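Comments concern the structure below.
The structure presented is a predicted model; accordingly, all values stated were derived computationally and were not measured.
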Amino acid sequence: MMFARLFAVLITPLFLTGCLLAPGAFEARMTIDHTGAFTFAYQGEAIIVPPDESGDEEAEKADEDGADSFDRSMDSAIREASRRLMGGVDTADEESLRAFAARLEDRQGWNSVEYRGDGVFMVDYSITGQLDRDFVFPVLPDFMLLLPMVIASPLDDGAIRVEIPALMKQRDDEEGPTPESRGGGQFTLVTDAAIVSENSETGATQTADGRTELRWSSAEDREGRPEAVIRLD
């Protein structure tokens with residue numbers, strides 16, 4: 001019983017904060033036309049958040065409970081679980097992180113991925129396609145758990161919902177890393193489709209070619225997830 005409780009205490013931070021590629025400073029832009037054809041681009045930082053950022057405090061609590069004899073073995077087990085969930089990436093090994101950047105560059109859309117150290121990657125990503133299915137960014141090789149930064153989902157009524165979890169605000173009662181942008185993120189949505197609903201800070205504006213532009217940034221004070229719903233033809 002003691003082992004099971006200790007394992008639960010130590011493994012919980014792994015599932016809450018491990019396997020997380022969080023946004024740093026970035027500019028992202030998505031264009032969706034009335035047929036559902038889209039382009040998406042992300043330029044800026046992406047940051048791997050290792051599970052041990054919040055694990056030390058939990059380990060100390062376990063020690064206070066008299067479970068310090070398990071500490072070293074549980075730490076090893078958590079690190080191994082982290083590597084498995086993160087597709088073999090060891091967040092404590094700089095060479096492993098550089099190899100991960102090279103793996104990403106071999107995948108469609110990842111034009112360049114430069115590892116800058118301390119878990120920070122400089123990313124240039126772009127892709128085009130058709131929104132006849134869910135689009136999620138990022139999708140990472142072999143990662144078993146992910147918190148998406150951008151989601152575009154076709155709805156049954158022919159509409160598209162675009163959500164930007166990358167710009168969600170962390171509540172005062174939340175602890176540990178979240179997908180919230182750490183360094184000034186901005187997302188722009190451009191479309192010639194009808195706007196059903198949106199919660200951008202400045203509202204819809206018109207571009208020179210008659211399309212609608214919506215913008216969200218990490219600096220905005222908002223409740224809930226930034227999102228818009230548009231209706232295709």
Side-chain angles (χ1 to χ4, degrees), residues 16 19-47 107-110 123-140 143 145-174 177-233:
L16 291 178
C19 310
L20 174 59
L21 193 67
F26 73 91
E27 292 275 348
R29 183 180 181 90
M30 191 170 204
T31 300
I32 305 174
D33 76 13
H34 61 279
T35 69
F38 79 96
T39 63
F40 173 78
Y42 179 104
Q43 284 87 36
E45 295 175 331
I47 304 166
R107 297 177 68 88
Q108 183 181 16
W110 299 86
V123 171
D124 181 355
Y125 178 94
S126 62
I127 198 168
T128 63
Q130 189 74 25
L131 286 174
D132 54 1
R133 67 201 71 187
D134 288 341
F135 168 80
V136 177
F137 174 82
V139 174
L140 303 177
F143 269 48
L145 290 176
L146 279 174
L147 294 174
M149 299 182 195
V150 177
I151 307 167
S153 303
L155 306 179
D156 288 341
D157 60 0
I160 301 287
R161 174 180 285 116
V162 179
E163 303 169 90
I164 313 101
L167 297 178
M168 288 174 62
K169 290 292 184 181
Q170 180 172 320
R171 300 193 309 270
D172 291 339
D173 60 346
E174 290 179 330
T178 74
E180 174 190 354
S181 173
R182 296 179 170 192
Q186 181 169 282
F187 180 87
T188 303
L189 174 64
V190 178
T191 185
D192 62 358
I195 306 295
V196 176
S197 64
E198 55 91 7
N199 62 359
S200 64
E201 184 71 13
T202 58
T205 60
Q206 295 298 305
T207 64
D209 59 4
R211 295 181 296 176
T212 302
E213 182 174 281
L214 303 168
R215 286 191 176 188
W216 295 262
S217 79
S218 59
E220 295 166 7
D221 186 14
R222 71 172 67 82
E223 293 291 333
R225 176 176 298 192
E227 66 176 26
V229 177
I230 64 175
R231 188 171 305 283
L232 306 181
D233 288 349

Exercise. Can you check whether D132's main-chain N or O pairs, donor with acceptor, with Q130's side chain at less than 3.5 Å?
Worked result: no
Problem set entry | Electrostatic pair R231-D157, nearest N-O below 4.0 angstrom | yes
For this session: Assess whether side-chain contact (heavy atoms from CB on, under 4.5 Å) is satisfied between I127 and F38, documenting all intermediate values.
Result: CA-CA 8 Å; I127 198 168; F38 79 96; 4.1 Å; yes
Problem set entry | Nearest-0.5 Å distance that lies between atom CZ in R225 and atom CE in M168 | 5.0 Å
For this session: Answer yes or no: is there a side-chain heavy-atom contact under 4.5 Å between Y42 and P138?
Result: no
Exercise. Are T39 and M30 side-chain neighbours, meaning at least one heavy-atom pair lies under 4.5 Å?
Worked result: no
For this session: Taking only Lys NZ, Arg NE, NH1 and NH2, and the carboxylate oxygens of Asp or Glu, determine whether R215 and E213 approach each other closer than 4.0 Å.
Result: yes
For this session: Hey, could you give me the OG1/CG distance between T212 and D192, rounded to the nearest 0.5 Å?
Result: 8.0 Å
Seminar exercise, completed: CD (Q43) and CZ (F26) are apart, to the nearest 0.5 Å, by 11.0 Å
Exercise. How about E163 and P226: do any of their side-chain heavy atoms sit closer than 4.5 Å?
Worked result: no
Exercise. Closest approach of G24 and I47, non-hydrogen atoms and distance?
Worked result: CA-CD1, 3.9 Å
Exercise. Can you tell if the side chain of L189 reaches within under 4.5 Å of the side chain of E198, non-hydrogen atoms only?
Worked result: no
For this session: Look at the side chain of T188 and the backbone N and O of R29, then say whether any donor-acceptor pair between them is shorter than 3.5 Å.
Result: no
For this session: Would you give the length of the straight line joining atom CD1 of I230 to atom CD1 of I32, rounded to the nearest 0.5 angstrom?
Result: 4.0 Å
Exercise. With a cut-off of 6.0 Å (strictly less than), are more than 12 heavy atoms of other residues, nucleotides or ligands near CD of Q206?
Worked result: yes
Exercise. For the side chain of N199 and the backbone of E227, is there at least one donor-acceptor N/O pair under 3.5 Å apart?
Worked result: yes
Exercise. What is the minimum heavy-atom distance between V136 and I151, and which atoms define it?
Worked result: CG2-CG2, 4.4 Å
Problem set entry | Heavy-atom side-chain contact between V162 and F187 under 4.5 Å | yes
Exercise. Using 30° and 60° as the class limits, which term best fits the ring planes of W110 and Y125: parallel, tilted or perpendicular?
Worked result: perpendicular
For this session: Using a 4.5 Å cut-off on heavy atoms from C-beta on, say whether the side chain of P154 contacts that of D134.
Result: yes
Problem set entry | S218 side chain vs G185 backbone, donor-acceptor pair below 3.5 Å | yes
For this session: Could you check L214 against I195 for side-chain contact (heavy atoms from CB on, under 4.5 Å), going step by step and ending with a plain yes or no?
Result: CA-CA 10 Å; L214 303 168; I195 306 295; 4.2 Å; yes
Exercise. For M149 and I164, what are the C-alpha separation, side-chain angles and deciding distance, and is it a side-chain contact (heavy atoms from CB on, under 4.5 Å)?
Worked result: CA-CA 6 Å; M149 299 182 195; I164 313 101; over 6 Å; no
Problem set entry | Minimal non-hydrogen separation, G36 against L232, with atom names | CA-CD1, 3.7 Å
Problem set entry | Shortest non-hydrogen contact from P165 toward P148 | CB-O, 3.2 Å
